[in-house]
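Chain letters run A, B, ... following the sequence lines, proteins first and then strands; every chain starts at 1.
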Amino acid sequence: MASSYWDSTQKKFWTFSKPQLALERKRLEDSERNVVNMYPLPDRRHLSIYFYHQLSKMARPLGIRQQALATAQVYVRRFYVRVEIRRTNPALVLATALYLACKMEECPQHIRMVLAEARHCWDTSFNDISKIGECEFTLISEMNSQLIIHHPYRSLAELQSQFQLTQEENSLAWSIINDHYLTDLPLLHAPHVIAITAMFLAVVLKPTQGGLQVHAAGVASALQALGNARGGAGQGTQNRVQKLVDWLAESTVDIEAVVECTQELISLYEIWDSYAEKTCKDQIAKFVKARGLEK
Amino acid sequence: MFTGYNTKKRVNERYKIIGFISSGTYGRVYKAESRNANPPNSKLFAIKKFKPDKEGELQYSGISQSAIREMALCTELAHPNVVHTVEIILEEKCIFIVFEYAEHDLLQIIHHHNTGGQGGRQAIPARTIKSILWQLLQGLVYLHRNWVMHRDLKPANIMVTSAGKVKIGDLGLARLFYKPLQSLFSGDKVVVTIWYRAPELLLGSRHYTPAVDLWAVGCIFAELLSLRPIFKGEEAKMDGKKTVPFQRNQMQKIVEIMGMPSKERWPLLTSMPEFPQLSSLAAGNARFHRPQGLENWYQGCLKNNQYPPGSGPDTPGPEGFDLLQQLLEYDPQKRLTADKALLHPYFTSHGNPSENCFEDSKIKYPVRRVSQEDNDIRTGSLPGTKRSGLPDDSLIGRPAKRLKEG
Ligand SMILES: Nc1ncnc2c1ncn2[C@@H]1O[C@H](COP(=O)(O)OP(=O)(O)OP(=O)(O)O)[C@@H](O)[C@H]1O
Ligand SMILES: [Mg+2]
């Protein structure tokens with residue numbers, strides 16, 4: 001866990017409590033009440049899944065690393081805490097966030113390449129690099145130039161060696177971290193809390209169960225194990241879950257936070273089933289067209 | 001975006017430009033005062049204006065990677081020995097980083113002692129040097145703890161305020177070096193102005209570390225003592241080729257004083273990409289076999305600059321030599337870290353270093369020169385460099401001034 005997280009702008013300015021975040025968003029929606037009512041949008045997590053697919057589509061041909069993608073996702077999420085989505089062209093915001101994230105994560109892409117990929121995967125009509133260049137100014141300015149993102153991947157790497165996670169556990173934890181960008185968790189919790197949650201879930205759920213399709217039973221036992229940790233270290237069963245739980249109970253890690261993250265992830269997996277790309281696409285297209293935002 | 005980019009703050013509304021300071025690689029630096037401070041000119045600022053992406057370009061075409069890095073780092077970092085960033089203004093295709101103003105920098109201070117305000121060359125007082133180094137290392141400890149390598153430490157980038165506070169500036173080349181994930185070694189291959197460039201970089205190492213900054217600190221220490229760059233090599237140019245040339249002359253300058261690096265002292269030496277070049281360097285060069293030796297260089301320098309012999313508060317003394325030697329250590333793994341350097345006896349024997357490097361010094365340094373040649377920060381012309389389409393500094397070597405990126 002990098003010492004720098006504790007003094008970071010991420011901690012100071014971009015980590016919210018749940019009510020705070022809700023308030024920020026309500027304020028934003030209230031300021032655009034009419035448009036918000038006129039153009040209802042899918043669940044935020046569905047939108048996030050859609051955004052993630054679009055970002056991946058742009059990123060893949062360019063060989064952009066996962067971490068840059070994650071940074072772009074955080075930028076988008078931060079931006080939409082400050083700017084009402086219905087005032088923007090999400091296609092442009094996503095392309096710009098990706099372009100900016102690549103520079104920050106030391107894998108820069110030429111602006112023309114990003115534009116080309118954006119045009120390829122959205123039937124949008126912005127066709128000029130200056131659009132991305134201008135949107136970059138907006139993005140940076142809304143984020144107050146606070147562009148450094150602390151990701152849980154780094155904490156996971158430390159946990160991996162500490163707990164000697166198996167290859168499978170590690171890659172499951174890694175993909176759980178990937179998934180957390182589809183939720184508000186990056187705005188709610190410290191990266192090491194996310195990493196611990198991911199590791200914990202990975203160990204409890206066992207990689208054989210194949211990533212996303214989470215067993216109800218597995219989840220129940222995860223929560224129960226966490227409940228035990230809350231009550232202090234348990235004795236008896238010498239399995240790995242128990243060891244983890246004991247470690248959690250003795251560490252200074254905020255177990256409430258881990259429980260909250262776990263629940264957030266689980267409800268993401270539940271709602272994932274009802275995801276429909278077309279709905280997201282259409283509903284975005286509606287306000288973009290109607291308000292002439294694609295230009 | 002629906003409405004286009006709307007700036008929230010305007011630089012001219014908030015600051016009054018007093019004059020023009022310098023035209024750097026990435027843009028221009030202006031001296032300014034606040035329009036709404038009380039009293040009005042109580043606070044001074046240096047405003048760095050980045051060139052818009054392309055010369056004469058009227059459109060947005062993407063911000064250069066190094067400007068992005070600098071903005072992000074300046075926003076994130078806060079330490080008494082790192083130049084304080086007041087705010088960043090994005091306004092109509094231009095980026096302005098507003099810094100607290102520093103009246104001096106080390107280049108200027110060294111220059112003043114070289115030409116001598118009063119009667120020729122005059123050494124920098126030993127106490128001043130100790131305080132500068134102390135403060136510089138404090139700033140560096142902070143950067144390194146926060147996973148930031150500066151990569152371009154040199155006298156011109158180290159500011160000193162009129163109150164004698166040393167501030168590390170110019171984070172334009174600085175980078176984060178998170179270990180497990182960042183593939184640091186891709187991307188830019190060459191960093192740090194050649195005279196201050198660490199031997200592992202000269203030998204083509206891809207696995208460089210924060211130790212490169214400590215080599216630079218060693219070079220700066222030596223320069224403060226002798227008033228001349230200790231290893232003043234000539235830059236080998238790129239020749240239009242895409243490969244970065246071996247900096248033969250620079251390496252030669254180092255070896256002439258330090259002697260050849262050996263694999264006994266530096267076990268990984270032989271795995272350096274440019275290691276074979278080293279033996280060819282030695283061939284037919286007599287000085288290689290009889291290098292001056294850092295100790296001789298040091299003693300000669302103290303004598304020349306009339307530091308009193310022996311040990312005491314008015315000379316860097318034997319402690320100074322020991323510190324210098326450990327900073328100019330060939331093996332980056334053996335080189336002192338910034339933390340360790342602060343614990344060196346140099347800083348504790350003969351009294352603690354002052355937090356004001358001018359304390360007890362009678363020397364009056366000239367104030368920073370500003371010109372009136374260009375006072376319009378909004379429209380002021382920019383130095384003409386043509387930009388390529390390169391997205392970052394990956395292929396670009398760095399001569400005395402860093403080349404810009406696309
Ligand atoms: N805070 C400051 N106060 C006063 N002068 C400053 C300040 N920051 C920078 N300067 C002046 O402006 C010059 C250029 O600044 P800086 O090094 O940040 O820009 P740069 O474009 O990276 O230049 P270069 O390529 O020459 O290093 C400095 O060498 C110094 O003379
Ligand atoms: Mg500079």
*asked:* So for atom CD, which belongs to B/Gln333, do other residues, nucleotides or ligands contribute more than 12 heavy atoms lying within a distance under 6.0 Å?
replied: no
*asked:* Can you confirm whether B/Lys9 is buried at NZ, in the sense that more than 12 heavy atoms of other residues, nucleotides or ligands lie under 6.0 Å from that atom?
replied: yes
*Compare every heavy atom of A/Ser4 with every heavy atom of B/Trp147, then report the nearest pair and how far apart it is.*
CD1-OG, 3.4 Å
_Considering all heavy atoms, the nearest B/Ser61-A/Ile129 contact_ = CB-CD1, 4.0 Å
*side chain to side chain donor-acceptor pair (under 3.5 Å) with A/Gln283: which residues, sequence neighbours excluded?*
none
*Is there a side-chain contact between A/Thr138 and B/Leu90, using heavy atoms and a 4.5 Å cut-off?*
no
*What is the distance from atom CD of A/Gln146 to atom CE of B/Met71, rounded to the nearest 0.5 Å?*
11.0 Å
*Give a yes or no on whether B/Lys165 atom NZ has more than 12 heavy-atom contacts from other residues, nucleotides or ligands under 6.0 Å away.*
yes
_Heavy-atom side-chain proximity of B/Ile68 to A/Leu100 below 4.5 angstrom_ = yes
*What part of A/Asn144 gets closer than 4.5 Å to chain B, counting heavy atoms only: side chain, backbone, both or neither?*
backbone
_Winner by heavy-atom pair count (cut-off under 4.5 Å) against chain B, out of A/Cys107, A/Cys102, A/Ser141_ = A/Ser141
*Measure the shortest side-chain to side-chain distance between A/Ser8 and B/Glu76 over non-hydrogen atoms and say whether it is less than 4.5 angstrom.*
yes
*Return yes if some donor-acceptor pair links the side-chain N/O of A/Glu136 with the main-chain N/O of B/Ile63 below 3.5 Å, else return no.*
yes
_Using every non-hydrogen atom in the two residues, find where A/Lys103 and B/Gly62 come nearest and quote the distance to one decimal._
NZ-C, 4.4 Å
